[in-house]
Amino acid sequence: MSALIEIRGLTKRFGAFTAVDHISFSVARGEVLGFLGPNGAGKSTTMKMLAGFMTPTSGSARIAGHDVQGDAVAARRELGFLPEGAPVYPDMTVIGFLRFTARVRGFHGGEAHDRVEQALSLATLEGVRHLPVETLSKGFKRRVGLAQALLHDPPVLVLDEPTDGLDPNQKYEVRTLISRMAPDKAIIISTHILEEVEAMCSRAIIIAAGRVVADGVPDELARRHPSGKLEEMFRAITQKPAEAA
Amino acid sequence: MHAILSIARRELGGYFATPVAFVFIVIFLVLQGTLTFSLGGFFERDQADLLPFFQFLPWVFVLLVPAITMRLWAEERRLGTIELLLTLPLTQAQAVIGKFLAAWAFTVIALALTFPFVITVNLLGHPDNGMIAAGYIGAVLVAGAFLAVGAAVSALTKSQVIAFVIGVALCFLFAASAFPVVTDFLSHNLPVLATIARKVSIVDRFQSFVRGLITLRDVIYFASFILFWLVTNTVILEHRKAD
């Protein structure tokens with residue numbers, strides 16, 4: 001089976017600074033990829049390029065076979081994207097916002113209604129459906145962003161810190177949700193919470209200073225460090241960017 | 001098309017979700033009323049027409065239209081929702097057109113609420129309503145032209161204040177470019193620009209609508225002016241969306 005996400009030599013420079021430096025990897029259906037790295041390592045930049053929002057300096061990315069630059073609209077149809085910080089229009093109600101994304105995605109009438117209801121239920125937002133987003137807590141806002149990404153049941157999910165700001169119960173729910181969807185989708189999740197990676201990711205990529213410094217099954221990556229802990233392994237390889245590069 | 005309309009609908013709803021719409025409409029009607037009846041000498045002229053009303057309209061638009069467009073892109077940028085919007089399955093041109101149409105629909109609503117002027121002048125005399133209709137069509141086109149300029153400027157920055165100030169300055173430039181002050185200065189110094197300045201003046205074009213004259217040339221002028229700025233808006237967005 002060909003990979004649903006293919007990234008080849010993706011590079012982004014801001015002036016003299018190279019934020020992402022020739023990153024290549026692919027993610028197949030059924031894989032949940034944990035995308036790890038210290039702040040400023042280039043995680044969000046990579047995800048922005050994958051979503052077609054930021055234009056890469058060089059390299060390419062494909063979603064379900066569609067180039068995210070050359071065939072952007074087709075690529076985005078197959079993509080559910082939760083941007084960094086989960087931005088949502090503050091003056092809209094939860095249901096109004098989800099209806100808007102459903103309409104933009106071309107759903108009408110009964111189907112749009114069903115999609116919105118399903119997304120509300122997946123993200124457990126039924127209780128706040130008529131509240132304006134600006135009145136919601138951080139955790140609820142994040143779930144609205146998540147609901148928006150899941151609404152069209154896309155084969156590819158790119159989620160930038162989906163559990164940031166959630167309480168332990170909500171984190172657990174989101175992890176369960178992601179694990180449940182995993183068999184049918186290719187999913188990339190960026191996170192700082194390493195237990196989360198061990199709990200739900202089938203693979204982890206660690207980047208530092210814009211380069212991939214480790215790629216493998218989380219357990220196996222953890223064993224690379226004498227302590228056998230992913231956290232120690234993460235610290236060991238990301239704190240020596242000069243050596244890694 | 002459904003993408004453009006969804007964007008336009010959301011955006012238009014956004015105007016009415018906050019007090020912006022009501023503040024704008026009230027200020028617009030008060031300004032137009034004051035200018036028409038006092039400075040314009042509506043009653044003293046003893047003429048059954050809306051010339052004083054249309055005379056001030058472009059200048060009120062110069063000041064108020066950038067207030068409608070300033071938030072269009074600057075606010076998306078500030079909130080980060082631009083990243084969400086532009087990763088939905090639509091082209092940037094569709095997003096630009098959708099937002100422009102919403103702003104245009106909003107100004108048409110504001111203009112429609114000036115209907116008491118039309119009723120007043122019809123009660124007091126027998127005006128040429130065809131001429132008034134032509135004036136309104138011209139007003140809608142002038143608003144469209146300024147909106148297109150303002151929207152493109154809004155895509156440049158995340159500050160609504162900057163978007164507003166630059167928007168007013170640019171709209172003023174296009175409104176006043178045929179004024180003797182401007183053209184005299186230009187014909188002394190840069191004669192080529194003087195001819196261009198006279199040609200691009202929005203107020204000059206608007207005057208023929210107000211006199212009841214709708215020519216294909218003027219309509220094409222406004223259409224290409226709006227198109228030019230929508231394309232500029234799309235280009236700015238393409239290059240600066242992720243900054």
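Quick note on labels: first sequence line is chain A, next is B, and so on, each numbered from 1. This one's a predicted model, so the numbers in the text were calculated from it and none came from an experiment. The basis for the numbers below is simple: all heavy atoms, side chains too, and nothing from hydrogens, waters or symmetry mates.
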Run A/Arg175 and A/Thr163 through side-chain hydrogen bond (donor to acceptor under 3.5 Å, both in side chains) and show every step you take. CA-CA 8 Å; A/Arg175 281 178 212 166; A/Thr163 57; 5.9 Å; no
Please state whether the side chain, the backbone, both or neither of [X] comes within less than 4.5 Å of a heavy atom of chain A.
X	value
B/Glu76	side chain
B/Ile82	both
B/Ile7	both

Is the count of non-hydrogen atoms from other residues, nucleotides or ligands lying under 6.0 Å from A/Glu173 atom CD greater than 12? yes
Exceeds 12 heavy-atom contacts within 6.0 angstrom, atom NE2 of A/His113: no
Structural part of [X] lying under 4.5 Å from a heavy atom of chain B:
X	answer
A/Ala51	both
A/Gln148	side chain
A/Phe97	side chain
A/His108	side chain
A/Val104	both

Can you check whether B/Tyr136 reaches B/Phe209 side chain to side chain, under 4.5 Å on heavy atoms? no
State, yes or no, whether a side-chain contact exists between A/Glu84 and A/Lys43 at a heavy-atom distance under 4.5 Å. no
Is A/Glu196 salt-bridged to A/Lys171, cutoff N-O under 4.0 Å? no
